[in-house]
Amino acid sequence: MARVSSLLSFSFTLLIFLQGYAAQQFPNECQLDQLNAIEPSHVLKAEAGRIEVWDHHAPQLRCSGVSFVRFVIESKGLYLPSFLNTAMLSFVAKGRGLMGRVIPGCAETFQDLPEFQPGQQGQGQQGQRQRQHRRGQQGQGQEQEQEQGPEQRQSFSDMHQKVEHIRSGDTIATPSGVAQWFYNDGNQPLVIVSVLDLANHQNQLDRNPRPFYLAGNNPQGQAWLKGREQQPQNNIFNGFPPEVIAKAFKINVQTAQQLQNQEDNRGNIVFVKGEFGVIRPPLRGQRPQEEEAVGNGLEETICSARSTDNLDDPSNADVYKPQLGYISTLNSYDLPILRFLRLSALRGSIRQNAMVLPQWNANANAILYVTDGEAQVQVVNDNGERVFDGQVSQGQLLAIPQGFAVMKRATSDQFRWVEFKTNANAQINTLAGRISIMAGLPLEVISNGYQISPQEARKVKFNTLETTLTHASGPASYGRPRKA
Amino acid sequence: MARVSSLLSFSFTLLIFLQGYAAQQFPNECQLDQLNAIEPSHVLKAEAGRIEVWDHHAPQLRCSGVSFVRFVIESKGLYLPSFLNTAMLSFVAKGRGLMGRVIPGCAETFQDLPEFQPGQQGQGQQGQRQRQHRRGQQGQGQEQEQEQGPEQRQSFSDMHQKVEHIRSGDTIATPSGVAQWFYNDGNQPLVIVSVLDLANHQNQLDRNPRPFYLAGNNPQGQAWLKGREQQPQNNIFNGFPPEVIAKAFKINVQTAQQLQNQEDNRGNIVFVKGEFGVIRPPLRGQRPQEEEAVGNGLEETICSARSTDNLDDPSNADVYKPQLGYISTLNSYDLPILRFLRLSALRGSIRQNAMVLPQWNANANAILYVTDGEAQVQVVNDNGERVFDGQVSQGQLLAIPQGFAVMKRATSDQFRWVEFKTNANAQINTLAGRISIMAGLPLEVISNGYQISPQEARKVKFNTLETTLTHASGPASYGRPRKA
Amino acid sequence: MARVSSLLSFSFTLLIFLQGYAAQQFPNECQLDQLNAIEPSHVLKAEAGRIEVWDHHAPQLRCSGVSFVRFVIESKGLYLPSFLNTAMLSFVAKGRGLMGRVIPGCAETFQDLPEFQPGQQGQGQQGQRQRQHRRGQQGQGQEQEQEQGPEQRQSFSDMHQKVEHIRSGDTIATPSGVAQWFYNDGNQPLVIVSVLDLANHQNQLDRNPRPFYLAGNNPQGQAWLKGREQQPQNNIFNGFPPEVIAKAFKINVQTAQQLQNQEDNRGNIVFVKGEFGVIRPPLRGQRPQEEEAVGNGLEETICSARSTDNLDDPSNADVYKPQLGYISTLNSYDLPILRFLRLSALRGSIRQNAMVLPQWNANANAILYVTDGEAQVQVVNDNGERVFDGQVSQGQLLAIPQGFAVMKRATSDQFRWVEFKTNANAQINTLAGRISIMAGLPLEVISNGYQISPQEARKVKFNTLETTLTHASGPASYGRPRKA
């Protein structure tokens, strides 16, 4: 009997299996009948902060082909340099700090000269250029290097590639393979959220996020990767024998071993001891809006290409209504490097009961992350079903597939969010309002389509003059769930 | 004993399974040893027409990464606005009608002014511009809107985005996310066939076609999607509570409910009651061949970009032989928006016994749809096997993968077809004829490769002067099947 | 008992299976914990050479999305024309020969005129232009053709598309669908290695390499394709009935049958009988470095586009150190057609104990093939693990995924290799040296990251002045395996 029941349970397992297999043959990854506001599934703890990783196998994220990460860096914390197999778009949700990146082949244009250089070069001019900050011009940097012998190098304290101030509202574009570090020089935690586009051409590996560590390590392992959960992740120096490192860097084997961080249990975010005296420009005020030539291509300008922009200045908003809030977008016209990354961003900030009219993305998936407050959000899929109707609040994420219509309504004093979009120029279609789908349809299509009178059709087309933001009354009329 | 046989059948199932699984590991989707002329697998019936859907899981279509649909719209029928997750290229196979589309952010440039406007603006000039048709110039349209208050809006009957006449032979390019409607203002059914490119970058979801309905519904559900067969498909208004719609459109809840088409059983193609008086330009004659700048990019010209072209005018044919027929191609040089859609089309019309010399697509898959008559078609795969040798006739479809060689020979008075290709500039290689592969090879390669004399090689190279079309004799020599 | 154990083994199988299935759901194709230097898995023998095919299902190659092939053509051997479903980048590893290709729609610009043409045209000028070599100018070629009747065609011996000399070090770019042949006119075997990019946009079929034969056949079948192993592969003429071929080429059925190579057992590489007298330009010396306009697009220049470049001339090297060796790269700036193919190449040649400093590709996978000698290579993955540490020697291949760091050290007199990269402009990041990641980081990041003193950090940054090549001492310090 036991065997028969075993056989039966087998048959059953097999049946489920066959069904799964058939589904696999024709993947329906984006047949999302239920969305959820999702939170991180893995937390990697480090000495001076933590890295929170969303599970990129979650149906919403798989459909959008992205991975999502939140970096929380404590005051005086340094996120050690690492690079990725994917393009990354980041948003500074809280705090301020410094960011550096190293782009292969670009010169070390940030150079620090000591105050007094007796006997060396001797020109007063040179001495006066202390903490000199030269931008761009790779060639110039290289020439200077070549002129100086290794002993002369001792004459300056340091030289390195560009370092930038970052602050809340900054959006940061990072190509694949480019090493990047962050330092929190403020008093509150520095919180950065990042989308990693696994599906686009910058990632030439499989659809998994793969951070490569240049320093530090991750004792908890790549928890989001099957088969890597238990295995500690080390920096790439670890994979080379110390002798090779010593030879490559012309250093002794002891220092080479130190580069492997093997005895280090600080993780990938560490506290800086003493002053963090990297060369940096003065804090920026208004960013000069120098227009970079769009057609220049990445390759020619990558060393000096601007890679950040701030989305929190209402004076640059695309939609601005003092009573309701504002919405700013950042696409490849604003930040040309996004053309290369095939990503863009939208920042929204609305007040209680302000409503973002139903809209959808025509050519992109959107990853919505809430930075402040909370809102009621409704999402409708291709089958006309409401697949999400609920509150999203600070720290939560909602992935909205291409074409899915969304309505947002602030339910706290202030609702602020950022949307990352998987297209360098994501196009938004609005359902209602002045420049909307309904306004673009002829009256006859509306009256015949919905079996309403021409007068009613006229109201549908022209009553709402707003394009994006409107005011919504109290919660009574919205909170009702659709089905019992 | 029963158990043993159970076990055996289990083993067997598992074996099949393992094989299937191994196949899955290394998908051979395009190892097509047998092609078929395929017909629609699902028919969605509506009040004033029907939508016929080919199964995109069919091996041929999976290999090409496309979905195929035929719209049949009765006289006075209106195909209600919908949009897709994919780029779409359509061909009007029969009939004539009107087409409108709504592109987000573009102005309503079709504006209707009533005959008499006393007290309003008062300028006689303005009054004379009745059924005025202003093209392009988004900004202008917007300014005018902003000047007018909602009451003033009552002064015009309607304004909406561009409406175009379409007729048999028109090819229509539609980007993802752009809402489109069709109206049949002729006396015979309007038949439109469309290819949806699931595999290209415009689709950011999975490889399934997903229509989003703005009006109407589909009581039969998305029959082509696993798990959606039984579920009726509603328009996207259905997913929002009526109160939200009412608030968004500033209309009453009753009208909002009407927008959901819940009580509506007309489907997605409905009969228009009364006159269909949308603003439209006069019927076009010769389309002015204004050349749009190719390098302009989609984004700058999308509002005024031309998106249709007619392929049935023999005077524009690329190959034209009065006795045999003609072939016209439409690529991104003719219609720049195709560069963005990564699709192109070819229209052919040949007479009885005319033969299209064997050829293949170097960089595209082709979806061949027969609009009139029938032909014998032979297709040869990469293994040198004839994977199709049969008749294809009106309404049938044949998907021809990249590199597969094809010969067509008309077996009815007239054979007319359209080919959709998955590349904005599909390159055709011909096997025989003046500008063919064989003509480009040196004699020595031919004589050594096929072990024939230089004299024979010369004949192979130079005997056929035609490039594409030739005359073929009676059926006796062709109809023989290859294998018993 | 037997049944119970059967059940147990079943359960076990099923478990393995379920795990496999789960893995399939979330493919981890690039989670490579072990790389191997791989050799061909299939050899297709032909009369005058052999084709060696690497198994594209091998994990390394699947992760990189490529297939790899080696052609060995004996002296006087002719590789018969074939075309592929993918873009191909080839490197001539040994020998010299001729290459011809036929691009659809381009004119036969290589034309051979006989010495004496009495009565025909009669102009002495024409007669003098013997073995005339006209480049480019498709239009001109076509006009001439149209002027000449078929009888006049007899007045020239032959005309065909461009034929080029190839020699060791040449890199050859071939778009999908373009037919190509090779002839060995030297005395030693002509060895050509080719990478086929299955993953890029030029391949519109599944991820399998599919050669289409225009002549010859392959009696061993497409051994690398499941279900095609046993089946002989024929040329595409074989798939059409001889009557159709006869009609298309206006030849008799007997010659048509000959084109099918059915009685032919020479395979796809055949010996040429007698002289191979194709029209060819004189052997090139210095290639004129005419700069082709980069923005011109493929379509406008494809007929005259340069598609080969030699990487073995140290005078064009990007890195050159007389004592150590040289490294040359070929990207889309050098050879614009690579922009269209999305592939590039790197050629390296280093002496015993020279070392290529650890580096990784930021935006590409690399396929390393050893042409001469041997080297010790170490590869480190994203988890900081050494996934390869061993010798690679002549004829072996190593696929290095995006981001994986690599160190190479010559262990023979000379180590020479070619790397094919899956990006038209692959960016290399070096770990150590003057323009490296470490040099671009501020001292504070290094000293805090690795817990070393500023003095040590300064050494790490500035001690190594070399960018790519350095000298490594004897093998003692490198050969140690990492783990017991």
Side-chain angles (χ1 to χ4, degrees), chain B residues 3 7 10 14 21 23-31 63 355 357-358 362-365 378 380 382-386 401-403 405 407 422 425 427-432 434-435 437 439-445 448-452 456 459-460 462-465 470 472 477-478 480 482, chain C residues 3 6 13 20 24 57 78 80-81 85 100 102 104-105 108 145 150 153 158 160-161 176-179 181 202 204-206 208 210 212-216 222 225-228 231 233-236 238-241 243-244 247-251 255 258-259 261 264 270 272-273 276-278 299:
Chain B
R3 283 170 209 165
L7 268 174
F10 254 37
L14 214 58
Y21 180 68
Q24 179 62 11
Q25 287 274 42
F26 315 118
N28 274 9
E29 288 179 340
C30 290
Q31 193 157 320
C63 170
M355 171 176 164
L357 292 172
N363 58 359
N365 299 310
Q378 294 179 332
V380 176
D382 55 308
N383 225 30
E385 296 160 329
R386 201 181 315 154
Q402 181 186 19
M407 184 283 300
T422 60
N425 289 293
Q427 291 178 310
I428 295 172
N429 280 20
T430 50
L431 198 56
R434 199 163 56 75
I435 312 182
I437 290 291
L441 292 173
L443 280 179
E444 283 83 357
V445 171
N448 279 288
Y450 303 109
Q451 296 182 299
I452 56 178
E456 287 301 311
K459 284 181 195 163
V460 167
F462 299 117
N463 269 11
T464 297
L465 288 174
T470 193
S477 36
Y478 300 97
R480 282 187 252 159
R482 194 174 164 222
Chain C
R3 283 169 209 167
S6 290
T13 315
Q24 180 61 12
H57 300 129
L78 171 67
L80 295 172
N85 59 325
V102 184
E108 297 83 9
E145 251 182 284
R153 277 166 185 278
D158 194 12
H160 51 74
Q161 288 195 18
S176 72
V178 168
W181 56 264
Q202 291 241 325
Q204 300 225 346
L205 303 183
D206 54 22
N208 290 304
R210 298 183 180 273
F212 292 78
Y213 288 176
L214 282 165
Q222 299 191 45
L225 277 189
K226 203 176 167 55
R228 287 269 171 87
Q231 238 176 321
Q233 185 185 9
N234 294 304
N235 75 34
I236 61 179
N238 218 268
F240 290 107
E243 294 79 10
V244 167
K247 185 59 80 178
F249 284 91
K250 301 195 196 302
I251 53 177
T255 308
Q258 203 65 23
L259 295 182
N261 289 113
D264 198 335
V270 304
V272 164
K273 284 172 184 154
F276 191 70
V278 306
E299 302 83 359

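Letters A, B, ... mirror the listed sequences (proteins, then strands); counts begin at 1. Values reported hereafter were calculated over all heavy atoms of this structure, with side chains retained and with hydrogens, waters and symmetry mates removed.
The contact between C:L78 and chain B is made entirely by side chain atoms (from C-beta outward), counting heavy-atom distances below 4.5 Å. Looking at C:L80, only its side chain comes within 4.5 Å of chain B, counting heavy atoms on both sides. For chain B, the nearby part of C:N261 is the side chain; its heavy atoms alone come within less than 4.5 Å. Heavy-atom distances place the backbone of B:I428, and not its side chain, under 4.5 Å from chain C. With a 4.5 Å cut-off on non-hydrogen atoms, C:V272 touches chain B through its backbone and its side chain both.
Ranking B:L357, B:N363, B:V380 against chain C, the residue ahead of the rest is B:V380, based on heavy-atom pairs under 4.5 Å. For the set B:C63, B:A362, B:P401, the entry with the most heavy-atom pairs within less than 4.5 Å of chain C is B:A362.
Legend: residues meeting side chain to side chain contact (heavy atoms under 4.5 Å, CB included) with C:V178, ordered by chain and number and at least two apart, are C:R101, C:I103, C:T174, C:P175. The side chain to side chain contact (heavy atoms under 4.5 Å, CB included) check on C:K250 picks up B:N463, B:T464, B:E466, B:T470, with sequence neighbours excluded.
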Is there a side chain to side chain contact (heavy atoms under 4.5 Å, CB included) between B:L443 and B:E456 once you walk through the steps? CA-CA 10 Å; B:L443 280 179; B:E456 287 301 311; over 6 Å; no

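Defined by atom type and a distance below 3.5 Å, a donor-acceptor pair is present between the side-chain atoms of C:Q222 and B:D382.
In this structure, the separation between CD on B:Q378 and CE on B:M355 is 8.0 Å, given to the nearest 0.5 Å. For the atom pair B:L431 CG and B:M407 CE, the distance stands at 12.0 Å (nearest 0.5 Å).
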